[in-house]
Amino acid sequence: MIIKKFQANTETEAIILAKEELGKDAIVMNIKTISPKGFYKLFRKPLVEVTAAIDDNISYKNDKAATPKKQTFPDVIYDEPASSSQAAEPNHGKESSAIEEKLNNLQNLLEKQIVEKETIKEDKKEKVKAASKNLACIQLIYNQLILNEVDEKYANQIISEIEGTLKKDSSMDNILSSIYQKIVLKLGQPNTISLKGKTPKFIFFIGPTGVGKTTTIAKIASKFKVEEKAKVAFLTSDTYRIAAVEQLRTYANILGIPLKVVYNIDEMEQSRKEFADFDVVFVDTAGRSHRNKYQRDDIEGLMKAIPENEREIYLVLSATTKYRDLVTITEAYSEMVGYNLIFTKLDETSSVGNLFNIRMLTNAPLSYATFGQDVPDDIDRIDPQSIAKQLLRGH
Ligand SMILES: Nc1nc2c(ncn2[C@@H]2O[C@H](COP(=O)(O)OP(=O)(O)OP(=O)(O)O)[C@@H](O)[C@H]2O)c(=O)[nH]1
Ligand SMILES: [Mg+2]
């Protein structure tokens with residue numbers, strides 16, 4: 001703040017002087033009349049002294065301000081500090097309050113901007129906090145999926161699909177239920193044998209050696225025979241091992257089900273006629289190395305003897321097989337279209353990740369799961385909800 005005094009014959013002249021020097025924004029702080037003292041009293045009229053001030057932050061409008069104009073009066077005192085306690089005249093007070101108002105407005109504006117900035121910052125912070133909380137929950141669930149042997153590729157796929165649908169500050173429960181629902185959807189509706197429509201249905205069981213094809217046939221056949229009172233027959237093309245035929249014959253005898261051994265396509269066509277008035281015919285096949293294409297072709301040839309709309313194919317896989325091997329197995333069967341997936345030996349593994357992975361890889365519908373050697377009890381239709389819960393559950 002620069003404060004200066006200006007003397008002139010009249011108040012107006014003094015103010016003009018002040019404004020000339022300090023600029024039009026100069027504020028008049030005080031006005032007083034100065035009577036000449038002593039000898040001068042006789043010759044001079046009283047003077048008017050105006051004390052004016054300017055905020056030094058406001059640049060001088062008038063160039064003259066830099067070099068103060070010399071007053072014509074010898075007794076003018078420059079740069080004398082004025083007393084701020086002296087009251088300003090009402091007229092000039094108006095100017096000062098206008099500036100004050102401007103300053104207040106500016107201050108309000110700044111404060112508002114600061115508050116807005118802070119709010120944005122807080123908002124951002126909250127969002128980041130919420131997002132990182134979401135991320136922590138997602139990370140936990142992701143780890144759980146990996147522990148349950150879900151392939152990283154599919155775990156990432158699930159996470160990226162639900163991430164976009166989450167609210168910024170979802171609860172752990174919300175995230176968990178989104179992932180759960182996503183898994184259930186991906187597992188899809190299981191496809192199981194139904195006797196609706198055209199009968200008989202020829203149900204082929206194919207798959208690697210020792211996974212439980214014959215045992216699974218016995219379990220399913222028993223349910224149809226006992227619970228649905230269906231007319232059931234057995235066919236086996238597993239002519240490589242006497243023990244294999246005998247194994248199925250034992251079940252056939254217990255359940256009172258006819259059994260026929262088929263060696264070639266002709267015999268297969270023959271059997272189709274023979275069992276024409278049956279509801280369902282289960283066809284057991286020899287466990288074949290998925291590496292042997294000729295063995296697979298044999299089975300495919302037999303299957304083709306039955307029209308597509310009369311047959312169903314079930315690829316039997318053991319849940320205990322390493323994922324990498326399951327991938328090779330399913331690749332080997334990829335030419336065989338329209339198969340369903342059965343998973344056996346779920347009692348021998350604590351994780352159902354493979355079941356999910358293979359479903360994702362092949363896009364083939366899931367059907368049955370077996371969980372023990374007991375015929376007929378240890379089998380059930382795959383329940384996607386139960387699998388999803390197992391995939392998300394810790395051990
Ligand atoms: N723990 C357990 N064992 C099972 C299950 N299903 C079948 N098994 C056993 O697995 C072994 C092989 O079963 P099979 O039914 O002969 O298997 P397969 O696929 O017909 O075998 P091949 O005809 O030789 O290819 C038997 O000891 C069965 O009792 C299951 O769900 N859990
Ligand atoms: Mg068998």
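This is a predicted model, so every value here is computed, not measured.
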Hey, what do you get for CD1 (I54) to CG (L22), rounding to the nearest 0.5 Å?
6.0 Å

Minimum heavy-atom distance N357-D151, with the two atoms named
OD1-N, 2.8 Å

Could you give the distance from CG (D284) to CG (L235), rounded to the nearest 0.5 Å?
10.0 Å

Is there a chain of hydrophobic side chains (I, L, V, M, F, W, Y, each step under 4.5 Å between heavy atoms) that links V352 to M360?
yes

Cut-off 3.5 Å, side chains only: do K260 and S271 have a donor facing an acceptor?
yes

Tell me, with the steps shown, if K322 and E149 meet salt bridge (Lys or Arg N to Asp or Glu O under 4.0 Å).
CA-CA 10 Å; K322 277 207 307 271; E149 292 176 26; over 6 Å; no

Measure up the Y314 and Y368 rings against each other and bin them: parallel (under 30°), tilted (30 to 60°), perpendicular (over 60°).
tilted

Under a 4.5 Å cut-off applied to non-hydrogen side-chain atoms, are T216 and F205 in contact?
yes

Given 3.5 Å as the limit, does a donor-acceptor pair link the side chain of N340 with the main chain of I313, or not?
yes

Return the minimal non-hydrogen interatomic distance between Y333 and Y339, and the atom names on each side.
O-CE2, 3.5 Å

So, does R272 use its side chain to make a donor-acceptor pair with the main chain of A305 at under 3.5 Å?
no

Salt-bridged, E11 to K32, with N to O below 4.0 Å?
no

Is any side-chain heavy atom of T330 closer than 4.5 Å to a side-chain heavy atom of L317?
yes

I'd like to know if the side chain of K225 and the backbone of K231 have a donor-acceptor N/O pair within less than 3.5 Å.
no

Quick one, E246 with R249, criterion salt bridge (Lys or Arg N to Asp or Glu O under 4.0 Å). Give me CA distance, side-chain angles, the key distance, then yes/no.
CA-CA 5 Å; E246 285 317 306; R249 198 182 303 281; 3.5 Å; yes

Using 0.5 Å steps for rounding, measure from the CD1 atom of I183 to the CG atom of L392.
4.5 Å

Which atoms form the tightest heavy-atom contact between L302 and M268, and what is the distance?
O-CG, 3.5 Å

Measure from the side-chain N and O atoms of S367 to the backbone N and O of P190, and report whether any donor-acceptor pair falls under 3.5 Å.
no

Is a side-chain donor or acceptor of T362 paired with a backbone partner of A364 at a separation under 3.5 angstrom?
yes

Connected via hydrophobic side-chain network under 4.5 Å: M303 and V261:
no

Hey, is CD on E310 packed in by over 12 heavy atoms from elsewhere, all under 6.0 Å?
yes

L346 side, atom CG; D380 side, atom CG - distance, nearest 0.5 Å:
11.0 Å

Do Q144 and L391 come within less than 4.5 Å of each other through their side chains, counting heavy atoms only?
no

Check whether any side-chain N or O of N264 sits under 3.5 Å from a backbone N or O of D266 as a donor-acceptor pair, and report yes or no.
yes

Please determine whether residues L140 and I138 belong to a single hydrophobic cluster, defined as Ile, Leu, Val, Met, Phe, Trp and Tyr linked transitively by side-chain heavy-atom distances below 4.5 Å.
yes

Please say yes or no: joined through hydrophobic side-chain contacts below 4.5 Å, possibly via intermediate residues, are F343 and I387 part of one cluster?
yes

Residue pair I162 / I179, side-chain heavy-atom distance below 4.5 Å:
yes

Whether the side chain of K201 engages the backbone of K196 through a donor-acceptor N/O pair (distance < 3.5 Å, no angle test) should be reported.
yes

Note: A14 and V48 closest approach over all heavy atoms is CB-O, 4.0 Å

Say you draw a straight line from NZ of K213 to OG1 of T285; how long is it, rounded to the nearest 0.5 Å?
5.5 Å

Quick one: CZ on F224 to CZ on F282, what's the gap to the nearest 0.5 Å?
5.5 Å

Could you see if L341 belongs to whatever hydrophobic cluster contains V184? Use Ile, Leu, Val, Met, Phe, Trp, Tyr and a side-chain cutoff under 4.5 Å.
yes

Heavy-atom donor-acceptor pair, N156 side chain to E152 backbone, under 3.5 Å
yes

Step by step, would you call E228 with K223 a salt bridge (Lys or Arg N to Asp or Glu O under 4.0 Å)?
CA-CA 7 Å; E228 301 203 17; K223 298 225 180 229; over 6 Å; no

Smallest separation among heavy atoms of V50 and V28, with atom names
CG1-CG1, 3.8 Å

Shortest non-hydrogen contact from A319 to N354?
O-ND2, 3.7 Å

Evaluation steps, side-chain contact (heavy atoms from CB on, under 4.5 Å), between F278 and T199:
CA-CA 7 Å; F278 275 64; T199 53; over 6 Å; no

State whether the side chain of T328 and the backbone N or O of R324 hold a donor-acceptor pair below 3.5 Å, judged by distance alone.
yes

For a side-chain contact (heavy atoms from CB on, under 4.5 Å) check, start with the C-alpha distance between L135 and E163, then their side-chain angles and the critical distance, and finish with the verdict.
CA-CA 9 Å; L135 219 64; E163 254 174 344; 4.0 Å; yes

I'd like to know if the side chain of R311 reaches the main chain of I203, judged simply by a donor and an acceptor atom lying under 3.5 Å from each other, with no hydrogens or angles considered.
no

